[in-house]
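Remarks on the structure that follows.
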Amino acid sequence: MSDSDAAPTSPSASELAALRAQAAQAAADAAAAKAAAAQAALEAAEAAAGGGASPGAAPTDDPAPAPEPTAAPEPAPDPAPEPAPQPAPQPAPEGYAADVAAGYTFEGGTLPVGAFVADDVAVPSAQVGIPLSMMNRHGLVAGATGTGKTKTLQVLTEGLSAAGVPVFVADIKGDLSGLAAAGAPNEKLLARTASIGQDWVATASPVEFLSLGGVGTGVPVRTTVTDFGPLLLSKVLGLNATQESSLGLIMHWADTQGLALLDLKDLQSTIAFLVSDDGKDELKGIGGLSAATAGVILREIVSLQSQGADAFFGEPAFDVNELLRTSPDGRGIVTALELPGVQDRPALFSTFLMWLLAELFQELPEVGDPDKPKLVFFFDEAHLLFHEASPDFLTQVTQTVRLIRSKGVGVFFVTQSPKDVPADVLSQLGSRVQHALRAYTPDDAKALRAAARTFPTSPYDLEKLLTSLGTGEAVVTVLGEKGVPTPVAWTRLRAPQSSMEPLPAADLAAAVAASPVGARYAQPVDRESAYEMLTARAVKADQDRAAAAQAKQDAAEAKERADEAAKEARQREKEAQAAAKRTEKHTSSALDSILRSVGTQLGREITRSVFGTRRR
């Protein structure tokens, strides 16, 4: 006793925390032992009542030593990279619990989810999980606000990271930043984890924090307008079908002209050029662009810019291969996109998430069905993606979800109700974790009935069960390793081993500063693009017009001078002709006078000759 008495004299903070954890664990062990003893006594009584003393004799002798087997199970499930649930040495499950235990026992790696619940009591020997090989069959985590969806997302993320699977999560409210810090044990937490057979150990996951365009705390993520594409950009801008088609035409023309649309000002300058006198003829052969439609698109772009969206478009563009990294110890890196700074712009960030998914689909090679996925993508607040989406957009989402499975990527949609996700997308999902639903309105009741009918056949009254689930509980069914749905299981979910509180601002900033990829994306780059090229083209066109106008003016002046010279020449010619005429007239007159004089003289001479008279 001297050692134990001396321990509290000068303990450190870590020693105190360890002692508290040991005390809580001991209390949990005692509680688990009592629960096991009570369960054994109940089963013995049921067996005796059902068919004679011999089946019940052994169980009635077992309750006394029951605390010994329940003290041993505490090293039960081991959080190894591919943890396989280990049944505690408790009475084997019977009835539907046995069906659940068998249905969720897999040969390969398993992502643990929780323990089966029978009559509101957890059955640790019936563990519920998802085969890692089926995580690329996608899934749904749904439930009303406050039912524990975020913690479920945290548990799934931790388990995947521990299994060496990279994870992407969208952190809408900043709650998931606690993944980067180890959790703090307490008596209530340890009692819960012991009751479901979870060997809880405080563990932090390797996390990379991103932010859209640097709005918020995280490595800036950007993309170019060209890479984003007309379909996703139309969703962000809220364009109708006609305007969406016109935007596609504009971007197609820019592509054919080799004009890089890197940011929004590039797109603005392109639209302005195509409706100008210089650009009107460019699109005539493929439909043209009306000034009214161009005006609407330009106004929506200005509205988006006023919300600060300029920061999201540009270079360096984010390389989606950054999402596929693992840490030196083999754990998958969790990439958390921090969105508290833009949570008031849901259309923007939800569409940006879809762009990331589309880029993954374009970039990754086909891998078939691997033992574990290359990446699991959690699409939080999924209803925002589908709100007011065009038919073309929904078609593209459905196609991407359907085909990206073969690229080794699993997609989990996280939302409040299954009806938030279109039916064509829901039909692609293999795993389902359904938290409690509420039925306060006729529409809620209708949605509840529809949700209950989509589960496989089970002994539950699902409409009743789904409205009575507690926080941290869910109805689970997944695809087994052979592609067959597992039994529907009322499940008490595991507790996160990382912190359930947001990471302190200073720790978050330090994590971002230490990021190995931060230097590649920290500073924006504005290289020559459509704006600069079209501006240069406009300047050259202005210079050409000015030169043409000057040449025209010079030609006009030269013509005027030529006309004046010609006029002067004609005038001089007229004057010369007049002078010539005057000279000719004078010469003619003198000649005539001479001739007349000579004629007179000749006449006289002839006369005198003829008549022979003398000269007078």
Side-chain angles (χ1 to χ4, degrees), residues 138-142 149-150 153 156-157 166-177 207-216 218-225 227-229 231-238 304 307 309 311-313 317-324 334-364 373 375-390 393-394 396-404 407 409-416 420-422 425 428-429 521:
H138 315 316
L140 174 72
V141 178
K149 296 191 302 298
T150 301
L153 179 54
L156 297 179
T157 299
V167 183
F168 175 87
V169 294
D171 190 7
I172 306 296
K173 300 184 290 291
D175 297 339
L176 294 174
S177 59
V207 184
E208 181 75 64
F209 295 100
L210 307 180
S211 64
L212 283 185
V215 178
V219 175
V221 176
R222 305 178 187 87
T223 186
T224 66
V225 171
D227 289 342
F228 207 63
L231 202 61
L232 295 176
L233 189 57
S234 296
K235 178 70 165 59
V236 173
L237 296 174
L304 190 63
Q307 301 175 28
F312 311 141
F313 294 100
F318 184 73
D319 183 359
V320 293
N321 287 294
E322 306 282 10
L323 305 179
L324 306 177
V334 178
T335 303
L337 183 61
E338 296 298 301
L339 297 172
V342 293
Q343 59 181 308
D344 57 337
R345 283 162 270 181
L348 178 63
F349 70 70
S350 63
T351 311
F352 205 95
L353 296 181
M354 190 61 219
W355 169 77
L356 285 174
L357 197 60
E359 281 292 291
L360 287 166
F361 175 70
Q362 294 294 332
E363 292 290 329
L364 298 183
L375 174 72
V376 174
F377 193 105
F378 287 99
F379 212 125
D380 202 3
E381 301 294 340
H383 64 283
L384 299 173
L385 177 68
F386 304 107
H387 179 64
E388 296 182 351
S390 68
F393 181 85
L394 293 177
Q396 292 299 319
V397 173
T398 304
Q399 181 178 358
T400 300
V401 172
R402 179 181 294 120
L403 299 178
I404 203 171
K407 307 288 183 111
V409 177
V411 183
F412 275 66
F413 293 96
V414 184
T415 188
Q416 294 188 6
D420 296 334
V421 182
V425 177
Q428 306 299 317
L429 310 183
Y521 303 104

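What you are looking at is a predicted structure, and each value in this text was computed from that prediction instead of being measured.
No close placement of the F312 and F352 rings is indicated, their centers lying 6.0 Å or farther apart.
Residues passing the ring-ring contact (aromatic ring centres under 6.0 Å, His included) test with Y521, sequence neighbours excluded: F318. Remark: F412 engages F378 in a ring-ring contact (aromatic ring centres under 6.0 Å, His included) (not counting sequence neighbours). Every residue two or more places apart in sequence or in another chain that forms a side-chain contact (heavy atoms from CB on, under 4.5 Å) with P340 is listed here: E338, Q343. With sequence neighbours left out, the ring-ring contact (aromatic ring centres under 6.0 Å, His included) criterion links F377 to F168, F379. Listed by chain and number, the residues in a side chain to side chain donor-acceptor pair (under 3.5 Å) with T224 are D227 (sequence neighbours excluded). Residues passing the side-chain contact (heavy atoms from CB on, under 4.5 Å) test with S350, sequence neighbours excluded: L384, L385. Remark: E208 pairs with R325 by the salt bridge (charged side-chain N to carboxylate O under 4.0 Å, His left out) rule, at least two apart or across chains. Scanning for side-chain contact (heavy atoms from CB on, under 4.5 Å) contacts around L364 gives N321, L324, L360, K374, K407, V409, with sequence neighbours left out. Applying the side-chain contact (heavy atoms from CB on, under 4.5 Å) test to T415 and every residue at least two apart in sequence or in another chain returns L140, A382, H383, D420, V421.
A distance of 6.5 Å separates NZ in K173 from CG in D380, rounded to the nearest 0.5 Å. With rounding to the nearest 0.5 Å, the separation of CZ in F228 from CZ in R222 is 15.0 Å. L348 contributes atom CG, which lies 10.0 Å from atom CG of L237 (distance to the nearest 0.5 angstrom). To the nearest 0.5 angstrom, Q428 atom CD is 12.5 Å from I404 atom CD1. Interatomic distance, L323 CG to L210 CG, rounded to the nearest 0.5 Å: 7.0 Å. Atom CD of residue Q362 and atom CH2 of residue W355 lie 11.5 Å apart, to the nearest 0.5 angstrom.
Closest of all the heavy-atom pairs between L232 and T351 is O-CG2, 3.4 Å. Across all their heavy atoms, L176 and A170 have their closest contact at CD1-O, 4.2 Å. Pairing each heavy atom of P220 with each of G213, the nearest pair is CB-C, 4.0 Å. Residues K149 and V141 share a closest heavy-atom pair of CD-O, 4.2 Å. The two residues S177 and G174 make their nearest non-hydrogen contact at OG-O, 2.9 Å. Residue L429 comes nearest to G139 through the heavy atom pair CD1-O, 3.8 Å, listed as atom of the first residue, atom of the second, then distance.
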